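Since we're looking at a predicted model, the values are computed, not measured. Reminder, nothing fancy here: chain letters follow the sequence lines and each chain counts from 1.
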Amino acid sequence: MSKYQPREFEGEIMELWEKEQVYRTEDGIRNNKSGNKMYTLSMFPYPSGAGLHVGHARIYTGTDVLARFMRLQGISVLHPMGWDAFGLPAENAAIKAKKNPMDMVPGNITTFKKQMKSLGLSYDWSREFSTTDPAYYRWTQWLFQQFFKMGLLYKKNTPIHFCPSCKTGLAEEEVLANGTHERCGKPITKKDLPQWIFRITTYAERLLSDLKGLDWPEGILTMQKNWIGKSEGVELDFKVDGLDETIRVFTTALDTIYGATFMVLSPEHPLISRLRGHISNVKTSGEKSKLTEVDEYIEKAEKKTDIERETENKDKTGVFTGLYCINPFNNGRIPIWIADYVLMGYGTGAVMGVPGHDARDYQYAIKYGLVVKPVIKPDTMAIRTDIKSDGFWNYEEIKAKYAEKSVLCNSDSYDGLSSLQAKEKMTVFVENQKIGKRKINYHLRDWIFSRQRYWGEPIPMVFCQSCKDKGISWWDTDEGKKFNKKHHNISKVDQNIQVEMQGWFPIVEKDLPLKLPYVQSYEPTDTGESPLSKMTDWKKTTCPHCGKHAIRETDTMPNWAGSCWYFLKFASPDKDSSTNIFDSSGVLPTSRDIPSRKNIVDSSEHPWRKEDIKKWLPVDWYLGGAEHAVLHLLYARFWVKALYDLGLLDFSEPFLRLRNVGMVLAEDHRKMSKSFNNVVNPDDVIGEYGADSLRVYEMFMAPFNMEIFWSTKALQGGYRFLNRIWQIYNSPDKINGRDDKNDKTDTTKIVVSLYKTIQKVGSDISQTKYNTAIAAMMEFLNEWEKQGESLPYQEAKKFLVILSPFAPFIAEKLWRDIYKETKSIALSTWPKIEKKDIVDDTVHIPVQVNGKVRGVVSVPHDIKQSDLEKLALEQEGIRKYIEGKSYKTIYVAGKILNFVLNR
RNA sequence: GCGUCAAUAGUCAAGAUGGAAACGACGAGAGACUUAAAAUCUCUUCCCGUAGGGGAUCGCAGGUUCGAGUCCUGCUUGACGCACCA
């Protein structure tokens with residue numbers, strides 16, 4: 001009997017799979033029923049120099065198990081893999097290594113691919129591409145241009161988050177809560193730079209409401225909801241006392257307006273500059289003039305970094321302007337303050353201070369001695385001072401506790417109304433007086449899309465000063481007019497954007513891809529300009545509209561661009577798909593001369609063939625880490641919605657089912673990191689125990705979405721399990737009637753167990769409950785190993801099939817060796833189990849006395865209650881608790897019998 | 001502060017709909033094989049008892065129920081996310 005030595009055959013099996021093209025996507029050939037497809041996708045990796053991580057192995061194996069299972073169900077499966085190779089991590093690594101990223105990425109990809117193959121992942125490699133491949137980013141650029149044409153992109157000078165270490169601007173989402181950059185961990189500052197900005201906010205409502213139909217983890221849905229942060233309220237104007245100015249505020253609690261005892265402006269509020277003259281007239285008792293006081297405060301506030309604002313979080317500061325405004329409801333005069341706890345970026349940048357019900361306003365009022373006036377109380381309370389001794393009652397809290405039973409007070413004619421009634425009535429008043437309107441605000445901000453870095457898709461736009469001077473925008477051109485006409489159904493391009501974007505033109509389509517030039521100096525600059533801006537020759541071009549001198553955009557796209565639509569391209573690869581990015585030796589052509597493949601794409605209209613998209617999309621199963629909850633997953637949803645509006649797609653949500661994978665932490669319970677010297681390399685593990693052991697271990701250790709701690713000991717458990725399988729298939733007395741082609745069999749006890757196992761494994765896999773599926777197989781194996789148990793030859797074959805999604809190498813090996821099969825097990829069929837084959841005739845009913853189990857009776861499954869009771873009472877162990885006492889019985893058919901003694 | 005999720009044996013974990021708590025793995029102990037070790041196999045592994053058997057137990061405290069790990073209320077601890085969003 002030979003020993004289980006995976007090293008000896010895994011490589012050979014891998015070659016067989018490749019030779020036989022086992023994992024090539026079958027476009028619905030095996031089952032022509034429409035809709036019988038499955039698109040299983042793992043979030044594709046950025047191919048780092050460190051190679052594949054055991055954490056990667058977990059995601060990819062999890063997706064692979066699904067893909068293999070679906071194939072065995074006879075479903076056509078699309079299971080692709082590619083590379084998200086643009087972006088900061090690749091570039092920072094390249095800078096560190098003093099190499100051009102273009103020269104580094106190909107080698108990394110080669111390593112990743114080799115490692116993935118050795119893991120036994122069943123990808124259709126013919127669909128592979130990298131986001132850095134010009135044939136792919138040609139279309140990323142093309143899509144950018146479509147979004148520009150829709151009016152979803154504009155370029156504007158904006159104060160943005162800037163990472164001084166990476167020397168680039170960042171999106172809101174890339175800044176961590178502690179004010180550092182999510183990629184490099186260094187602190188972030190603000191910088192005023194011209195930026196391409198995506199108007200993702202125009203899709204806020206749809207991004208929010210479409211979450212409803214998605215089968216995603218609850219936590220991720222909540223995070224997206226919170227990130228979009230919808231709040232409904234009212235905007236209304238407060239007159240500045242004695243001046244012809246108004247202050248517009250946004251509030252979600254209009255019912256508290258009688259409690260507004262002060263007004264707060266954000267330090268960046270534009271009104272302040274107009275008020276300066278009046279502020280300088282204010283008399284003060286101090287040495288400084290009021291204006292100096294205000295100016296000093298504003299200057300200090302502007303200098304604060306995000307981190308400073310963060311640490312000072314709770315200690316609010318501000319300055320009184322000496323001016324007043326008028327509450328439109330009661331004409332009360334309230335003081336105007338400037339404070340940096342009010343943000344310019346949200347609402348109107350001005351807030352009515354209601355210290356009676358808002359915790360922040362309360363804190364501020366206490367510090368500066370402002371009036372605290374509660375205006376909502378529980379209806380059972382007579383006087384307002386009883387509400388709380390200090391006069392403050394959190395708005396949310398009072399509503400949560402008293403709901404409809406909280407009423408207004410101190411609010412003139414609104415007194416006694418419920419919060420809800422008052423809010424509605426007051427809103428109507430605001431509307432009638434024409435001093436404001438209902439308004440919905442979102443926390444979601446527009447998406448800063450420029451990066452001042454080298455390693456990204458060049459933004460395919462050209463700026464023409466001459467056209468700008470003449471006030472010509474792209475929408476004034478023939479092409480632009482045609483576009484507007486064709487897409488008049490979608491939101492009309494904003495006039496402001498048309499003006500703002502005068503002089504900007506997409507480079508003509510036939511010139512795509514606009515290739516990233518190979519440069520000597522690709523390091524980011526200190527000026528916050530892209531390294532491409534130093535390439536004067538490359539920058540120079542002609543205006544697509546007027547033909548005069550024009551300048552190329554030199555910013556590049558963020559790494560999110562490529563991942564926003566890669567799942568579409570997998571479904572519809574370039575026709576000449578043999579143009580793999582690898583040549584036969586596995587070495588990339590030097591990137592200096594990667595051929596442009598624009599000529600092999602047949603359509604000038606679409607980056608994909610519609611029938612392919614129809615066949616495969618949307619993605620049925622999307623597996624990846626939870627860290628993308630509001631980055632990639634939000635951006636990709638946004639692009640798909642925009643593409644839907646353009647008529648390029650006929651669905652508007654890309655990922656129907658999302659599952660998160662838990663992290664793989666090191667044995668010492670820390671994150672795996674080079675600096676802790678605790679990284680486990682999958683190559684080493686595969687070398688020693690085989691890929692199957694690694695796969696089984698990672699699927700078995702915990703539920704798929706939970707984090708696991710690496711344990712080599714536990715991994716050996718996986719190896720032992722496979723070893724026992726190897727031994728049992730090689731034991732003459734464990735499998736009956738070898739070479740018997742006749743698959744008729746008695747349903748002996750062990751066979752029934754097998755059938756139950758088959759059913760459990762199937763249902764567990766489709767719920768990504770891999771750990772319990774494996775436990776069930778182990779349980780079955782334990783039973784099969786018992787002395788005297790053996791399986792008929794054809795039945796034992798079925799066990800290999802259900803094992804194969806988890807341990808494809810050993811399953812394939814035994815499939816071919818023991819059963820002499822020549823066609824891969826991956827292309828076989830999941831065993832069908834009839835319900836009648838797994839029904840037990842005898843059931844075991846636990847018998848309780850007062851809820852405690854005192855015995856078990858084995859009876860026919862359809863026994864009558866009276867017979868069951870009789871049998872139960874025959875048991876000494878049960879009878880002794882009941883004898884001579886009065887009782888009643890509760891019987892749950894097939895489950896439990898309970899005797900309840902009367903007290 | 002807000003939101004989401006979690007807590008079961010020495011460790012990782014199973015336990016959908018309330019109905020036998022602890023499937024499976026790791027570790028530990030004993031034994032078999034071996035000159036020996038590793039590997040492999042067998043048994044034990046909450047507490048008491050040689051055993052039949054009995055008792056306890058699911059973060060803590062209550063409650064609902066014939067019956068609660070599961071439902072409800074309050075609390076504790078931890079993880080993740082958001083955070084001056086008006």
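Side-chain contact check for A/Asp361 versus A/Tyr341: some heavy-atom pair is nearer than 4.5 Å. Side-chain contact between A/Trp726 and A/Leu722 is absent, with no heavy atoms from C-beta onward closer than 4.5 Å.
Side-chain atoms of A/Ser753 and A/Glu783 include a donor-acceptor pair closer than 3.5 Å. Neither side chain, A/Asn898 nor A/Tyr887, offers a donor N or O lying under 3.5 Å from an acceptor on the other. Using modelled atom types, one finds no donor on one side chain facing an acceptor on the other under 3.5 Å when comparing A/Thr201 with A/Tyr442.
Residues A/Lys734 and A/Glu785 are not paired through a salt bridge, judged by the lack of any N-O separation under 4.0 Å between the basic side chain and the carboxylate. A salt bridge does not link A/Lys437 to A/Asp237: none of the charged nitrogens lies less than 4.0 Å from a carboxylate oxygen.
Among the protein residues, A/Pro703 comes within range of the sugar-phosphate backbone only, with heavy atoms under 4.0 Å from sugar or phosphate atoms but none that close to a base. Counting any heavy atom pair closer than 4.0 Å across all strands shown, A/Lys852 reaches sugar-phosphate atoms only and no base atom. At a threshold of 4.0 angstrom between heavy atoms, the contacts of A/Asn771 are confined to the sugar-phosphate backbone, with no base atom among them. Across all strands shown, A/Tyr770 has no heavy atoms under 4.0 Å from either base or sugar-phosphate atoms. When heavy atoms are screened at a 4.0 angstrom cut-off, A/Val264 is found touching no nucleic acid atom at all. In this structure, A/Lys769 reaches the sugar-phosphate backbone alone: every heavy-atom distance under 4.0 Å involves primed, P, OP1 or OP2 atoms, never a base.
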Are any protein N/O atoms closer than 3.5 Å to N/O atoms in nucleotides 24-32 of chain B? If there are, list each pair with its distance.
residue	atom	partner	partner atom	Å
B/C26	OP1	A/Arg720	NH1	2.4

Considering only nitrogen or oxygen atoms on both sides, find all protein atoms under 3.5 Å from nucleotides 45-48 of chain B and state each distance.
none

Using a cutoff of under 3.5 Å, can you pull out all pairs of nitrogen or oxygen atoms linking the protein to nucleotides 4-11 of chain B, with atom names and distances?
none

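Every residue two or more places apart in sequence or in another chain that forms a ring-ring contact (aromatic ring centres under 6.0 Å, His included) with A/Tyr689 is listed here: A/Tyr719. Partners of A/Met672 under the side-chain contact (heavy atoms from CB on, under 4.5 Å) rule, at least two apart in sequence or in another chain, are A/His53, A/Val54, A/Val664, A/Ala666, A/Asn678, A/Val679, A/Val680, A/Trp710. Under the side-chain contact (heavy atoms from CB on, under 4.5 Å) criterion, A/Val843 pairs with A/Ile845, A/Val859, A/His861, not counting sequence neighbours. By the side-chain contact (heavy atoms from CB on, under 4.5 Å) test, A/Arg854 is found to be paired with A/Val849, A/Lys852, A/Ile878, A/Tyr881, residues two or more places apart in sequence or in another chain being considered. Every side-chain contact (heavy atoms from CB on, under 4.5 Å) that A/Pro328 has, sequence neighbours left out, goes to A/Leu236, A/Phe238, A/Ile435.
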For every nucleotide of nucleotides 61-69 of chain B, 5' to 3': is a protein heavy atom under 4.0 Å from its base (B), only from its sugar-phosphate (S), or from neither (-)? -----B---
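Between B/A13 and A/Tyr697, no contact under 4.0 Å exists linking OP1 or OP2 to a side-chain N or O.
Considering A/Phe700, A/Phe704, A/Tyr697 as possible partners of A/Tyr770, the one that fulfils the ring pair (Phe, Tyr, Trp, His ring centres under 6.0 Å) test is A/Phe704.
One can place CG of A/Asn705 at 11 Å from P of B/A13, the figure rounded to the nearest angstrom.
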Just the dot-bracket of RNA chain B, please: which string comes out with Watson-Crick or G-U pairs under 3.5 Å, [ ] for crossing, | for another strand? (((((((..(((......[....)))((((((.......))))))(((....)))...(((((..]....))))))))))))....
Take A/Gln875 and A/Val847 through the side chain to side chain contact (heavy atoms under 4.5 Å, CB included) test and state the conclusion after the steps. CA-CA 10 Å; A/Gln875 285 196 12; A/Val847 182; over 6 Å; no
Validation: residues 347-356 of chain A side-chain donor-acceptor distances under 3.5 Å, sequence neighbours left out:
residue	atom	partner	partner atom	Å
A/Thr348	OG1	A/Arg248	O	2.6
A/Thr348	OG1	A/Ala350	N	3.4
A/Thr348	OG1	A/Ala350	O	3.3

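To the nearest whole angstrom, the two C1' atoms, one in B/U77 and one in B/U64, are 26 Å apart.
Under the salt bridge (Lys or Arg N to Asp or Glu O under 4.0 Å) criterion, the residue pairs touching residues 347-359 of chain A are A/Asp358-A/Arg360, with sequence neighbours excluded.
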